[in-house]
Protein chains: 2
Amino acid sequence: MHILIVEDEKGIMDFLKQGLEEENFTISTATDGAEGLKKALELSVDLVLLDWMLPKMQGIDVCRNIRLEKQNLPIIFLTAKDTVQETIEGLKAGANDYIKKPFSFEELLERIKIHFRSKDEITTLTLGNITIDKSQYKTFVDQKEVILTQREFELLEYLIKNKGKVCTRTHIIEDVWDIHFDYDTGVIDVFMNSIRKKLNLTKERELIKTIRGVGYIANEI
Amino acid sequence: MHILIVEDEKGIMDFLKQGLEEENFTISTATDGAEGLKKALELSVDLVLLDWMLPKMQGIDVCRNIRLEKQNLPIIFLTAKDTVQETIEGLKAGANDYIKKPFSFEELLERIKIHFRSKDEITTLTLGNITIDKSQYKTFVDQKEVILTQREFELLEYLIKNKGKVCTRTHIIEDVWDIHFDYDTGVIDVFMNSIRKKLNLTKERELIKTIRGVGYIANEI
DNA sequence: TTGCAGATTAAGCAAAAATTAAGTTAGACT
DNA sequence: AGTCTAACTTAATTTTTGCTTAATCTGCAA
């Protein structure tokens, strides 16, 4: 995971950089607002730690500009001042979190982890009474294990990850089968069929719905 | 969006409930930990505001238990104490955010919005009490789902996108059916009919008007 | 009142999806 | 290596869905 630190005080920068590197994050740095913005947009950064007071461009403006381009990049403000008004301003500008100096490194670390939590660390996903465990490649219906093959598992995982969103056939073939050209056999149907059978999904318990002409969608009932 | 507030002090509860209802959130409440946990798991909640000190079960245990079942449900702690250690504990237990009492309502609101930011928006369109969600291919009338076929959905989407503008038959056939030559069967009429029926559009609730000799227009009343 | 545009309805039909079975491949075991 | 088995893919068949057509009905306007 790649973190960009934008901070002009060398002491704090070194402290952060060293601490986070020890936690196995990849670190990039910038010491003024303009440079920070540039790097945030150009590098493939996963999270930004952003000082409030910066040379060249205020932190809040950097934040706003990042948001214009990257809507999902988490931004955490580091601020010396602690006025409520500033906090609110920062959040409105698109920051995801806010931490007051002096802060404990441990707290910062936890807050950083929050933003990565959803990404990949969670190994179990659920859909209704179905639970899948990525780390063990196991599937359960009402706590009872059901044996799925690898493809079946991957397809189910994909649907659950995108719970509530329609998965088009094209996307499924691309993301689950990794086929990047026009492709149409009945593979998806066949797997969908066997998943439904194994998981006991009937017309009444329709956790996976077919969207005719489009694809499929997983949904709690 | 549905928020569950778990808080035992009546004053704070009322303050939160009222304030958030004014912002058009749907609110459920619980006054002790056990009840809070139960509701968090049973109701279709989108976010939890969780007090730290609670009767029956401490907030942090409620948090841990929610996390076991629902990995993606955002939890914000409300806490009177402000020790760093507690904050860290809360975050480790799976909370997504942490706000210290007394807090400004505005800050709380911003923090809540952060968690909804990525979610919906953009994909939903509305016309009166009708809402359509493109990402789910779903249609709601007064929050209750109505099943439309794909063509019906596309036609409705087209009308809502052009809300307030007249859609001529020619344009509809071109843009929705993708037919680029002179064409006249009753297809549009047939679909308009079934849409109106499914959405309960009567002469009185005429969200979609017929412009005789021209086409149709969608309009809030 | 008559004619025309639109609304309504029902039926035929074609496309999509579900299902089943058979063929193919890859990995495990002897 | 050869055989066996499990998993994946393809293909063929059946079922379902919903789009379209066409025929009829309704109501407004000349």
Side-chain angles (χ1 to χ4, degrees), chain A residues 137-139 146-159 166-218, chain B residues 137-139 146-159 166-218:
Chain A
Y137 270 86
K138 281 187 177 174
T139 310
V146 171
I147 307 292
L148 297 191
T149 69
Q150 206 178 328
R151 269 278 147 79
E152 287 165 355
F153 186 87
E154 282 165 7
L155 178 53
L156 179 61
E157 180 189 346
Y158 184 75
L159 288 167
V166 172
C167 305
T168 64
R169 283 162 176 277
T170 324
H171 278 127
I172 293 173
I173 269 297
E174 290 221 332
D175 297 343
V176 180
W177 269 263
D178 207 30
I179 292 174
H180 300 280
F181 49 88
D182 217 22
Y183 188 75
D184 183 31
T185 50
V187 226
I188 298 177
D189 306 57
V190 172
F191 275 85
M192 212 55 87
N193 183 240
S194 70
I195 286 179
R196 280 171 168 162
K197 218 184 269 174
K198 287 188 180 178
L199 300 179
N200 262 313
L201 300 181
T202 56
K203 278 275 154 69
E204 296 75 50
R205 255 172 55 67
E206 207 174 21
L207 293 167
I208 299 175
K209 273 212 195 80
T210 305
I211 312 278
R212 187 170 233 263
V214 186
Y216 298 86
I217 184 170
Chain B
Y137 273 85
K138 281 186 179 174
T139 309
V146 171
I147 307 290
L148 296 192
T149 69
Q150 212 188 331
R151 269 279 148 77
E152 287 164 357
F153 188 87
E154 282 165 5
L155 177 53
L156 178 60
E157 181 188 348
Y158 183 75
L159 288 167
V166 173
C167 304
T168 66
R169 284 163 175 276
T170 324
H171 276 126
I172 293 174
I173 271 296
E174 290 221 332
D175 297 342
V176 180
W177 269 262
D178 207 30
I179 292 175
H180 300 280
F181 49 88
D182 216 22
Y183 189 75
D184 183 31
T185 49
V187 226
I188 297 177
D189 306 57
V190 172
F191 276 85
M192 212 54 88
N193 182 239
S194 70
I195 286 178
R196 280 171 167 162
K197 214 185 271 173
K198 287 187 179 178
L199 301 179
N200 262 312
L201 300 180
T202 56
K203 280 274 156 66
E204 297 74 50
R205 255 171 55 67
E206 207 173 21
L207 292 167
I208 299 174
K209 273 212 195 77
T210 305
I211 313 280
R212 203 183 159 86
V214 186
Y216 298 86
I217 184 171

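Worth saying up front: this structure is predicted, and the values here are computed from it rather than measured. Within every chain, numbering begins at 1; the chains are lettered A, B, ... in the order of the sequence lines, protein sequences first and strands thereafter.
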Selection: residues 186-200 of chain A, any non-hydrogen atom under 4.0 Å of DNA chain C: A:Asp189, A:Val190, A:Asn193, A:Arg196, A:Lys197
- request: Only counting residues at least two apart or in another chain, list the ones meeting side-chain hydrogen bond (donor to acceptor under 3.5 Å, both in side chains) with A:Asp182.
  value: none
- request: Just jot down the salt bridge (Lys or Arg N to Asp or Glu O under 4.0 Å) partners of A:Glu152, sequence neighbours excluded, or say none.
  value: A:Lys198
- prompt: How close or far is atom P of D:dT21 from atom CH2 of B:Trp177, stated in whole angstroms?
  reply: 11 Å
- line: Here the distance between atom P of D:dT20 and atom OH of B:Tyr183, to the nearest Å, is 6 Å
- prompt: Which residue, A:Ile195, A:Ile188, A:Leu155, forms the side chain to side chain contact (heavy atoms under 4.5 Å, CB included) with A:Tyr216?
  reply: A:Ile188
- request: Please determine if a side-chain N or O atom of B:Thr185 lies less than 4.0 Å away from the OP1 or OP2 oxygen of D:dT21.
  value: yes
query: Rounded to whole angstrom units, what separation is found between the CD1 atom of A:Ile147 and the P atom of D:dC8?
result: 13 Å
task: Would you indicate what A:Tyr216 reaches in the nucleic acid, counting non-hydrogen atoms under 4.0 angstrom: base, sugar-phosphate, or nothing?
output: sugar-phosphate
With A:Arg151 via salt bridge (Lys or Arg N to Asp or Glu O under 4.0 Å) - residues at least two apart: A:Glu154
Nucleotide D:dA30, atom P - distance to CZ of B:Arg212 in whole Å: 9 Å
- request: Indicate, with a heavy-atom threshold strictly under 4.0 Å, whether B:Glu152 touches base, sugar-phosphate, or nothing.
  value: nothing
Interatomic distance where NZ belongs to A:Lys209 and C1' belongs to C:dA17 [whole Å]: 16 Å
message: If I compare all heavy atoms of A:Leu159 with all of A:Cys167, which pair ends up nearest, and what's the gap?
response: CD2-SG, 3.8 Å
task: Take the protein atom CG of A:Leu201 and the nucleotide atom P of C:dA17, then report the distance between them rounded to whole Å.
output: 18 Å
Residues in side-chain hydrogen bond (donor to acceptor under 3.5 Å, both in side chains) contact with A:Tyr158, at least two apart in sequence or another chain: A:Asp175
field: Under 4.0 angstrom between A:Thr149 side-chain N/O and D:dA6 OP1 or OP2
entry: no
- prompt: Over how many whole Å does the gap from B:Leu155 atom CG to C:dA7 atom P extend?
  reply: 12 Å
- request: Mind calculating the distance between CZ (B:Arg151) and P (D:dT21) to the nearest angstrom?
  value: 11 Å
- prompt: Is the phosphate of C:dG6, meaning OP1 or OP2, less than 4.0 Å from a side-chain N or O of B:Arg169?
  reply: yes
B:Lys197: salt bridge (Lys or Arg N to Asp or Glu O under 4.0 Å) partners, not counting sequence neighbours: none
